[in-house]
Amino acid sequence: MTHTLLQQFMSIYQEWEAAILVFFTVLGALVLGTVLRMLLARVVRRLQPARHVWAHGLLSGAEIPAQVLIWVLGIALAGSLLVQHDSDLAESSVLAHGIGPVRDVLVILIGMWFLLRAVNQIQFNLLDRARARGRELDPTAADAIGKLSKASVVITAMLMIMQSLGFSIAGLLAFGGMGGIAVGFAAQSLVANLLGGLTIFASRPFKVGEYIIIPGTDLAGGVEHIGWRATRLIGFDCKPFYVPNAKFNTESVINHTRMTARRIMEDIHIRYADMDAVRDIVADGRALLASHPGIRHDFFAFNFSSCGSYSLKLSLYAFTESTDYNEYMDVQEDVLLKIGDIIRNHGAQLTGPVSTVEMPQLGATARGRGGAETGGTLPPMPPPLPSAG
């Protein structure tokens, strides 16, 4: 009885051997992939991104790709078992010869997916570690390294896929060189912008978060994003605008954020009648600048610079300790008000443009009438008219 049941079971197994192997292979792949993802997720949760930068980045990037890789390999193995047990499928060129290339392409794509995820996570972890240690990692440099790494991964994956499909890499590279020349001529502006972006990433004249000015243009704003084609700036009106990267290769750029001090440069005008007080005013003004806490003491100037057409000009030139705009305005206001107090304390006065109008004919007529009628004085003014009320 037992022998008969065993023979029946073996006959059924031999009849459905291919289906049973395929079923358990696919089921095992699904279960193994799910279990592997759960284990990786548990390990990732125990790792600290700021402390375990590389381990956390690699394992976090491998969570989903590892699961999909197990599934792909399991399905590919099930397909191979099905082909081996079915002579009709073995003779089919579509399925028998397509399993290997499709599997290889999918494995390469999954590997590319894993590396791109890992690069992103490692980049975030490095920034977090820098902030945790009280340092500021340059986001522009980190973004540049991340983009270059991703581009290298994608290009390498594409070349591996083409090689796995039977294409000649040497011929492809030669064709790509000629094609690159043709594309370069056809898309000069695009290539120029790309090279401009690489120049920004390499030389770093500015980075994200800094305020830049392009002299001779109306382009000025804070850097929000540096892309491969253009850089996004935000202006004073909070409106974003995009500057092609090629412009930074031909135009000079002022990095307003990296200034070391702000400049105070003013001309102060006093009367010609106050010439005797100029020396004391200048001396007190210099003493004020030398003792003011908001002024840099390594260099400043306060001098009597010239005799203008209507006033004596005193020139003030100094730098503030702070680069904050509000603090700069407060220091400048305080210095100018105190210099005004110094000028008044010495009995001098500030002045501006003065115009003198001379009317010699009217003066001569008035003098002639005064001499004839009143003995040299002007005639008295007529009395006011009586009020109508």
Side-chain angles (χ1 to χ4, degrees), residues 134-136 138 140 203-224 233-238 248 251-356:
R135 296 181 301 176
E136 187 64 28
D138 188 357
T140 304
S203 60
R204 289 187 292 176
F206 54 83
K207 61 182 181 180
V208 175
E210 294 183 336
Y211 191 90
I212 64 172
I213 301 172
I214 301 179
T217 67
D218 295 331
L219 302 178
V223 181
E224 281 198 330
L233 306 179
I234 186 76
F236 275 123
D237 55 359
C238 296
F248 298 112
E251 301 287 343
S252 58
V253 177
I254 298 176
N255 193 321
H256 197 265
T257 305
R258 297 182 187 178
M259 68 171 66
T260 58
R262 287 184 179 269
R263 181 181 64 179
I264 299 175
M265 186 172 63
E266 296 288 341
D267 291 331
I268 301 171
H269 299 270
I270 61 176
R271 303 175 305 175
Y272 266 96
D274 301 322
M275 174 64 80
D276 294 338
V278 168
R279 191 183 304 276
D280 294 333
I281 293 173
V282 170
D284 291 348
R286 290 177 180 174
L288 167 66
L289 296 176
S291 60
H292 199 287
I295 298 296
R296 295 185 62 173
H297 299 150
D298 54 347
F299 175 79
F300 59 83
F302 184 62
N303 296 87
F304 170 42
S305 59
S306 67
C307 297
S309 58
Y310 62 87
S311 65
L312 304 176
K313 185 171 73 172
L314 307 178
S315 295
L316 168 63
Y317 195 90
F319 295 93
T320 61
E321 290 284 356
S322 175
T323 59
D324 181 77
Y325 184 75
N326 291 326
E327 295 179 5
Y328 156 74
M329 293 297 293
D330 291 340
V331 171
Q332 180 176 248
E333 176 185 350
D334 185 60
V335 169
L336 292 178
L337 289 176
K338 288 182 177 178
I339 290 178
D341 293 338
I342 292 173
I343 292 174
R344 283 192 297 270
N345 292 338
H346 287 281
Q349 294 182 9
L350 297 171
T351 186
V354 177
S355 299
T356 302

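Everything numeric in this text was worked out from a predicted model, so none of it was measured.
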Next item on the list: Heavy atoms only: give me the nearest Ser311-Thr351 pair and the separation to one decimal.
Entry: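 That would be CB-CG2, 3.4 Å.
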Checklist line | Least distance between heavy atoms, Ala348 atom then Ile281 atom | finding: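 Closest heavy-atom pair between Ala348 and Ile281: CB-CD1, 3.9 Å.
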Nearest 0.5 Å please: distance from the [atom1] atom of [X] over to the [atom2] atom of [Y].
| X | Y | atom1 | atom2 | value |
| --- | --- | --- | --- | --- |
| Ile339 | Ile270 | CD1 | CD1 | 11.5 Å |
| Ser315 | Met265 | OG | CE | 9.5 Å |
| Lys338 | Ile343 | NZ | CD1 | 15.0 Å |

Do the side chains of [Y] and [X] get nearer than 4.5 Å, heavy atoms only?
| X | Y | answer |
| --- | --- | --- |
| Leu312 | Tyr272 | yes |
| Asp267 | Leu314 | no |
| Tyr317 | Glu266 | no |
| Leu289 | Leu316 | yes |
| Pro215 | Ile254 | yes |
| Val335 | His292 | yes |
| Val253 | Ile213 | no |
| Val278 | Val282 | yes |

Selection [range] - residue pairs positive for salt bridge (charged side-chain N to carboxylate O under 4.0 Å, His left out), sequence neighbours left out:
| range | answer |
| --- | --- |
| residues 293-310 | Arg296-Asp298 |
| residues 314-331 | none |
| residues 269-282 | Arg271-Asp274 |

Notebook entry, point to check: Between His297 (side chain) and Ala290 (backbone), is there a donor-acceptor pair under 3.5 Å?
Noted result: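 Answer holds: yes.
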Next item on the list: Mark yes or no for whether Asn255, through its side chain, and Thr257, through its backbone, hold a donor-acceptor pair below 3.5 Å.
Entry: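 Such a contact is found between Asn255 side chain and Thr257 backbone.
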In chain order, what residues pass the side-chain hydrogen bond (donor to acceptor under 3.5 Å, both in side chains) check against [X], with sequence neighbours excluded?
| X | result |
| --- | --- |
| Glu224 | Arg232 |
| Lys313 | none |
| His256 | none |
| Tyr211 | none |

Check: Mind checking what makes side chain to side chain contact (heavy atoms under 4.5 Å, CB included) contact with Ala287, not counting sequence neighbours?
Finding: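 Partners of Ala287 under the side chain to side chain contact (heavy atoms under 4.5 Å, CB included) test: none.
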Next item on the list: Using the test side chain to side chain contact (heavy atoms under 4.5 Å, CB included), find all partners of Pro293 that sit at least two apart in sequence or belong to another chain.
Entry: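 Not a single residue meets the side chain to side chain contact (heavy atoms under 4.5 Å, CB included) criterion with Pro293.
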Check: Between Phe248 and Phe206, is the gap from one ring center to the other below 6.0 Å?
Finding: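 Judged by ring-centre distance (under 6.0 Å), Phe248 and Phe206 do meet the cut-off.
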Check: Given Leu350 and Ile268, is the side chain to side chain contact (heavy atoms under 4.5 Å, CB included) satisfied, shown in steps?
Finding: CA-CA 8 Å; Leu350 297 171; Ile268 301 171; 3.5 Å; yes
Note to self: Is it the case that atom CE in Met329 sees more than 12 heavy atoms from other parts of the structure closer than 6.0 Å?
What the structure shows: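 Incorrect, the count does not exceed 12.
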Check: Which residues satisfy the salt bridge (charged side-chain N to carboxylate O under 4.0 Å, His left out) test with Glu210, sequence neighbours excluded?
Finding: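 Checked Glu210 against salt bridge (charged side-chain N to carboxylate O under 4.0 Å, His left out); matches are Arg258.
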Next item on the list: Apply salt bridge (charged side-chain N to carboxylate O under 4.0 Å, His left out) to Asp341 and list each qualifying residue two or more places apart in sequence or on a separate chain.
Entry: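 By the salt bridge (charged side-chain N to carboxylate O under 4.0 Å, His left out) rule, Asp341 matches Arg344.
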Note to self: When you measure from the centre of the six-membered ring of Phe319, is the NZ or CZ of Arg263 closer than 6.0 Å and no more than 45° off the axis?
What the structure shows: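 The answer is no; the distance or angle limit is not met.
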Note to self: Show, in sequence, the C-alpha distance, side-chain angles and deciding distance for Phe304 and Phe302, and conclude whether the ring-ring contact (aromatic ring centres under 6.0 Å, His included) test is met.
What the structure shows: CA-CA 7 Å; Phe304 170 42; Phe302 184 62; over 10 Å; no
Item checked: Tyr325: ring pair (Phe, Tyr, Trp, His ring centres under 6.0 Å) partners, not counting sequence neighbours ->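 Per chain and number, Tyr325 pairs via ring pair (Phe, Tyr, Trp, His ring centres under 6.0 Å) with no residue.
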Next item on the list: Step by step, work out the side chain to side chain contact (heavy atoms under 4.5 Å, CB included) result for Ile295 and Ile264.
Entry: CA-CA 9 Å; Ile295 298 296; Ile264 299 175; 4.0 Å; yes
